[in-house]
Amino acid sequence: MSNKRLIVALDTNNFSKAKEIVSHLNPEQCMVKVGLELFISQREKILEYLTSENFEIFLDLKLHDIPNTVSKALEAIQEFNISMTTIHLKGGKDMIKAASETAGDIRLLGVSILTSLSENEIELTYGIPFSNLFQRLLGIAQESKIDGLVCSSHELQYLKEFKGIKVVPGIRNQVVDDDQKRVMSSSEAYALGADHIVVGRPITDASDIQKKIMEYS
Ligand code: C5P
């Protein structure tokens with residue numbers, strides 16, 4: 001497991017903007033996350049750039065499809081220098097198995113429930129309480145060969161026995177009203193057992209990025 005606790009989410013579609021953010025980051029201090037927006041718009045160009053700058057890359061594509069498609073996508077990802085990547089646990093046991101068989105040296109993380117979804121919305125969508133859905137997904141993850149889980153800091157309480165990597169987005173040290181619903185501060189998340197936290201806008205939109213890196217590290 002990487003000893004860099006902080007993962008900075010480079011959520012932009014613009015190569016120059018990504019480069020500008022990266023110019024404030026130190027590869028010894030943090031990992032970087034490339035998500036859908038940046039990967040779809042800049043593809044291997046951004047991955048090659050980040051590799052040349054010695055960054056460890058978390059490619060967060062949250063794959064969710066039939067087992068064959070996910071497994072083939074993971075085979076294709078092997079050509080990049082990626083340290084961790086994601087699939088949705090809701091893809092089911094067979095999909096997770098197929099994914100872990102082709103992930104190779106890339107650590108495979110299962111996304112449980114997006115941090116942008118409120119407990120109410122989960123109950124409305126799935127018809128069961130939030131904690132029941134989370135426990136079911138956790139059970140599926142534990143029976144699989146997945147390397148870790150992505151969840152909000154509120155669910156870390158259920159992961160005391162979980163041996164894999166715990167990656168936690170939805171981190172806010174200041175109160176802001178945005179799309180993230182299940183949030184907590186960085187110090188609370190680390191104290192509850194997060195191995196890595198993922199922070200985007202609070203760092204990338206800040207006027208003093210270095211100061212924010214120190215605050216969230
Ligand atoms: O800007 P912000 O700090 O909200 O960015 C959080 C990042 O973490 C985004 O890139 C988002 O895609 C990702 N993420 C998340 N919730 C998950 C999994 C990943 O917010 N469950």
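Atom CD of residue Glu215 and atom OG of residue Ser185 lie 9.5 Å apart, to the nearest 0.5 angstrom. Between Leu133 atom CG and Glu123 atom CD the span is 10.0 Å, to the nearest 0.5 Å. In this structure, the separation between NE2 on His196 and NZ on Lys4 is 9.5 Å, given to the nearest 0.5 Å. The NZ atom of Lys33 lies 13.5 Å from the CD1 atom of Ile57; values are rounded to the nearest 0.5 Å. How far CD1 of Ile213 is from CG of Asp208: 10.0 Å, rounded to the nearest 0.5 Å. Atoms OG1 and CG, on Thr69 and Leu74 in that order, are 11.0 Å from each other to the nearest 0.5 Å.
Under the 3.5 Å distance criterion, the side-chain polar atoms of Tyr216 are left unmatched by any main-chain donor or acceptor of Val8. No side-chain donor-acceptor contact under 3.5 Å links Glu44 to the backbone of Phe80. Side chain of Thr86 to main chain of Lys62: a donor-acceptor pair is present (N/O by atom type, distance under 3.5 Å, no hydrogens or angles). With Lys90 contributing its side chain and Ser112 its backbone, the two residues share a donor-acceptor pair below 3.5 Å. Of the possible polar contacts, one joining the Lys166 side chain to the Leu159 backbone as a donor-acceptor pair under 3.5 Å is found. No donor-acceptor pair closer than 3.5 Å links the side chain of Asn81 to the backbone N or O of Leu47. With hydrogens and angles disregarded, no donor-acceptor distance shorter than 3.5 Å links the side chain of Asn13 to the backbone of Glu37.
Considering all non-hydrogen atoms of both residues, Leu192 and Ser153 come closest at CD1-O, 3.8 Å. For Ile82 against Ile106, the heavy-atom pair with the smallest separation is O-CG1, 3.7 Å. Here the closest non-hydrogen pair linking Val22 and Phe55 is CG1-CE1, 3.5 Å. Here the shortest heavy-atom pairing between Asp195 and Gly164 reads OD2-O, 3.8 Å. Across all non-hydrogen atoms, the minimal contact from Lys17 to Thr204 is NZ-O, 3.9 Å. A pairwise comparison of heavy atoms in Val198 and Ala9 identifies CG1-CB, 4.0 Å as the closest pair.
By the 4.5 Å heavy-atom criterion applied to side chains, Gln29 and Leu6 are not counted as neighbours. Counting heavy atoms from C-beta outward, Pro202 and Ile171 have side chains that stay 4.5 Å or more apart. No side-chain heavy atom of Pro27 sits less than 4.5 Å from a side-chain heavy atom of Glu56. The closest side-chain heavy-atom distance from Leu25 to Ile209 is below 4.5 Å. Two residues are said to be in side-chain contact when any heavy atoms from C-beta on lie closer than 4.5 Å; Ile21 and Ile203 fail this criterion. Residues Leu138 and Gln135 have side chains in contact (heavy-atom distance under 4.5 Å, counting atoms from C-beta outward). Considering only heavy atoms from C-beta on, Leu89 comes within 4.5 Å of Leu149 through its side chain. In this structure, the side chains of Val150 and Asp60 stay at 4.5 Å or more apart for every pair of heavy atoms.
Donor-acceptor pairing under 3.5 Å is recorded for the side chains of Arg107 and Ser83. Between the side chains of Glu155 and Ser152, at least one donor N or O lies within less than 3.5 Å of an accepting N or O.
Other residues, nucleotides and ligands contribute at most 12 non-hydrogen atoms within 6.0 Å of the CG atom of Asp94. Heavy-atom contacts from other residues, nucleotides or ligands closer than 6.0 Å to CG of Asp179 number more than 12. By the neighbour-count criterion of 12 heavy atoms within 6.0 Å, atom NZ of Lys97 is sparsely surrounded, having that number or fewer from other residues, nucleotides or ligands. Other residues, nucleotides and ligands contribute over 12 non-hydrogen atoms within 6.0 Å of the CZ atom of Arg172. With a 6.0 Å radius and a threshold of 12 heavy atoms from other residues, nucleotides or ligands, Gln157 has its CD atom above the threshold.
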Exercise for review: Could you give me the CA-CA distance, side-chain angles and deciding distance for Met95 and Asp65, then say whether side chain to side chain contact (heavy atoms under 4.5 Å, CB included) is met?
Suggested key: CA-CA 8 Å; Met95 186 201 92; Asp65 210 315; 5.7 Å; no
Check your understanding: Step by step, would you call Cys151 with Leu156 a side chain to side chain contact (heavy atoms under 4.5 Å, CB included)?
Key -> CA-CA 7 Å; Cys151 64; Leu156 287 169; 4.2 Å; yes
Check your understanding: What do the steps show when you test Ile140 against Ile146 for side chain to side chain contact (heavy atoms under 4.5 Å, CB included), and what is the final call?
Key -> CA-CA 10 Å; Ile140 291 172; Ile146 208 129; over 6 Å; no
Point to revise | Met84 and Ile7: CA distance, side-chain angles, deciding distance, side chain to side chain contact (heavy atoms under 4.5 Å, CB included) verdict | key: CA-CA 11 Å; Met84 305 198 285; Ile7 304 175; 3.7 Å; yes
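Below 30°, between 30° and 60°, or above 60°: for Phe134 and Tyr158 the angle between ring planes is between 30° and 60°, a tilted geometry. Ring geometry for Tyr49 against Phe15 counts as perpendicular: the plane angle is over 60°, on a 0 to 90° scale with 30° as the lower cut.
Just one of Gln180, Lys181, Arg182 meets the side-chain hydrogen bond (donor to acceptor under 3.5 Å, both in side chains) condition when paired with Thr115; it is Gln180.
Looking at Asp205 and Lys212, no side-chain N of the basic residue comes within less than 4.0 Å of a carboxylate O on the acidic one, giving no salt bridge.
Under the 4.5 Å side-chain heavy-atom criterion for Ile, Leu, Val, Met, Phe, Trp and Tyr, Ile66 and Ile87 are members of distinct hydrophobic clusters. Under the 4.5 Å side-chain heavy-atom criterion for ILVMFWY residues, a single connected hydrophobic cluster contains both Ile40 and Val32. No continuous path of ILVMFWY side-chain contacts below 4.5 Å connects Val183 to Tyr190, so the two sit in separate hydrophobic clusters. Both Leu36 and Leu50 sit in one connected hydrophobic cluster of ILVMFWY residues. Membership requires side-chain heavy atoms under 4.5 Å apart, directly or through other members.
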